[in-house]
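For reference, the structure discussed in these notes is given below.
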Amino acid sequence: MYLPNDEKRLYEQAKALINNSIAPTADVAEQLREAIRYADWKYYIHSNPVLSDYEYDTLFKHLKDLEAQNPNWVTPDSPTQRVANGLSERFPAVRHLVPMLSLDNTYNAEDLRDWDRRCRELAGTDSITYCIEPKYDGASVSVIYDDDHLSRGATRGDGVMGEDVTINVRQIRAIPLSATLAAYGVKQIEIRGEIVIHKKVFEEYNRKRIEGGLEPLANPRNAASGTLRILDPAEVRKRGLNAILYSISDYTLLPGATKPSVLNTHYDSLKWLYDMGYPSPAPDMKVCTHIDDVIAYCAEFEGRRDDLPFEVDGLVIKVNDFALQEQMGMTSHHPRWAVAYKFKARQATSKLRRVEFQVGRVGSVTPVAKIDPVPIGGVTVTSISLFNEDVIREKDLRIGDTVLVERAGDVIPYIVKPLTELRTGTEEMIVFPTECPACNSQLEKQQDEAAWRCINATCPVQVVERIIHFASKDAMDIRSLGSSNVQKFHDRGLLPDIPGIYHINWDEVRKMEGFGEKSVTNLQQAIDNSKKQPLNRVIFGLGIRYVGETTAKTLASAVTHISDFYDWNVEKLATLQDVGPKVATSVADFFARPQNRDMIAKLEAAGVNLTNEHKSQNATDGTLAGKSFLFTGTLSQLKRSDAEALVEARGGSILSGVSSKLHYLVVGEDAGSKLEKAKKLGTVNILTEQDFITLAGI
Ligand code: IVH
């Protein structure tokens, strides 16, 4: 689509638009559109991005700003229009080779016995072999392989027509892009299955959404089906979907080939798929020859449904023999040779009695619904987070409402909706507070955020929450310094802040009820051990907004000492893997605040490890140890991020601007003001790219 010369031109155009100031002309708007389209093409079609996320976002923001100020410059094919229409842009409709039917449901042993009776009548025999497999709770999908290659992936749609989501299906690593089907004489095959999301992945995803002020998704099923239909394949890839392929619905053979015997029964066909590398349920399947065994297995399996990594809402029982399946046929709704055995629902209704407002460690105020206790999936639910005010308004929740509550597996409970038809007229609106429930300071709401926030840094609840987070298992892992002890110590003035953990007055603690010598020694030991925790745990423990465990690891591995971040600006932070502008801004903001630097200094003084051992080892024997570098202009032989990583790997550091602290300025093509400034200063060594390569010994 683009010739090499076009590519060079567009790449340079993009870079210039990122680095230079933007003239508000229609021409520049068109240049921005061209550059973004080119970047999209490289990213989506060639999986070979030419811009960092930060650079891409910068271009996009420039274009959005220009178009907002001059609406008549907007063209229908502008990249901003694609996003504005969001999810409404449709995937092409495709016809399924064979209609995707549903399943008939059974709920108890009696239903199953009825079904078995009907099967035996239709089959004209009493000896039927059944296969039992989990009923995965996700989004159904059909995948087609032609000549050994994945050629199409489609959603169920209305069962006859689905949406062509091949581009997204290709992002699911469980689904092979090719397989050795021809070796068995198979030319084309359509396989049906379910796109699922691991409960762990789902919880982590929701945790991040909550951290980012978004409402979590209700259950893994919604997450899977929503993800399959989003328009950004890179995002699909990030969300880590999984898949289970549970039936072969159609196939054609190569000319002259004979049908392989594995295609005679359901079990053999799934085992065959599994052995070829497909994610089939073969390892979780059970084969039974009598309905009593089927019933016993269903009961036993229901008892351990939570042990599976995916959400499972029942079992599916299928007649094993394909010839028999054909003989039994189907209704317009479901096959007669298969049935679902549904587990007990994970939904229940209860009354919403009141809403409490809780302050979190970053100051956001979360409404929490208090409902009449109700058992769901083996757990009694009494409290349900409502996340933010928008959720309350969108759902139109009121005190006194009967609410439908869902709890999928070990996943957090969630209010699906109020049952408005049961309202009596006595229900009351939920009033959101204007003041912090903990310290009474005025709550504030940032423009693009859903949460009301208490911005008082000394708000006692936030302070306690921050200490609890720092000591928690995934952060510094200080056993026995859990929420109750933190609260007790804080209330007695023994633990005013995070560094205070390392200066607790133990004589005072010993005077407290329940703190014998043994528990004090254990606590002291645990606190002492925490000083040796790796840097990523410290960074996670600091509770920087939007910085979860993964981002903390990324951050920790980018520096030799935590204070290196004092020199990192937003742009530099955004060059790190998976760090977007929002996270970068939050991190930069955190390290710029004097009270946070003060806290870090106190931690260091207390002996807490703040270095990245791996990096600092490199640093001591590094050839560039102690030297600071800055790159400017376009490099021709090295990628800037690689060059910077190289400096750091050799013990040097990267500065964000020209100052007297800078040792070397490496100058690429079209270097601008930084070069001028360095020349003026006269203390900076100016290197060409080649000089740098020689110096670094590459
Ligand atoms: S067999 C023609 N097997 O359950 C046979 N379906 O109402 C149709 N499902 O949307 C399906 N796990 O996506 C089959 N092991 C399994 C399944 C399964 C989940 C879904 C399927 C469909 C729904 C049936």
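Remember, it's 1-based here, ligands and their atoms both numbered in the order they're listed. These numbers come from the heavy atoms of this one structure, side chains and all, not from hydrogens, waters or symmetry mates.
- Under 4.0 Å is where a charged nitrogen must lie from a carboxylate oxygen, and between Asp146 and Lys187 no such pair does.
- Distances between N or O atoms of Arg156 and those of ligand 1 include no value under 3.5 Å.
- Side-chain N/O atoms of Glu133 and His266 include a donor and acceptor closer than 3.5 Å.
- Residue, atom and distance of the protein heavy atom nearest to atom 23 (C) of ligand 1 are Lys135 NZ, 3.8 Å.
- At a 4.0 Å heavy-atom cut-off, ligand 1 touches Pro134 through the backbone alone.
- Atom 12 (N) of ligand 1 has as its closest protein heavy atom Tyr136 N, 3.0 Å.
- With respect to the salt-bridge test (charged N to carboxylate O, under 4.0 angstrom), the residues Lys200 and Glu204 do not qualify.
- Considering backbone and side-chain atoms alike, Gly193 places every N or O at 3.5 Å or more from each N or O of ligand 1.
- In terms of protein heavy atoms, atom 15 (N) of ligand 1 is closest to Glu133 OE2, 2.8 Å.
- The aromatic rings of Phe343 and Phe301 lie parallel to each other, with less than 30° between the two planes, well short of the 60° mark.
- In terms of protein heavy-atom proximity, atom 22 (C) of ligand 1 is nearest to Ser140 OG, 4.2 Å.
- Using a 4.0 Å cut-off between heavy atoms, Met100 makes no contact with ligand 1 at all.
- In this structure, Pro335 has a heavy atom closer than 4.0 Å to ligand 1.
- Atom 14 (C) of ligand 1 has Tyr246 CE1, 3.3 Å as its closest protein atom, hydrogens excluded (heavy atom only).
- In terms of protein heavy-atom proximity, atom 3 (N) of ligand 1 is nearest to Lys318 NZ, 3.0 Å.
- Proximity of Ser102 to ligand 1 is established by a heavy-atom distance of less than 4.0 Å.
- Atom 20 (C) of ligand 1 has Glu194 OE1, 3.5 Å as its closest protein atom, hydrogens excluded (heavy atom only).
- Leu101 O, 4.0 Å is the protein heavy atom nearest to atom 8 (C) of ligand 1.
- Distances from ligand 1 to the non-hydrogen atoms of Met330 include no value under 4.0 Å.
- With respect to Glu389 and Arg393, a salt bridge is recorded, a charged nitrogen being found less than 4.0 Å from a carboxylate O.
- Lys370 and Ser383 form a side-chain donor-acceptor contact under 3.5 Å, judged by distance and modelled atom types alone.
- Under 3.5 Å, the side chains of Asp164 and Thr166 contain a donor-acceptor pair of N or O atoms.
- Tested against Glu311 for a salt bridge (Lys or Arg N to Asp or Glu O under 4.0 Å), the candidates Arg346, Arg407, Arg221 yield a single pass: Arg346.
- Looking at Gln358 and Thr366, their side chains never bring a donor and an acceptor atom within 3.5 Å of each other.
- Counting heavy atoms from C-beta on, the side chains of Asp293 and Tyr130 never come closer than 4.5 Å.
- The proximity of Val316 to ligand 1, defined as any non-hydrogen pair under 4.0 Å, is limited to the side chain.
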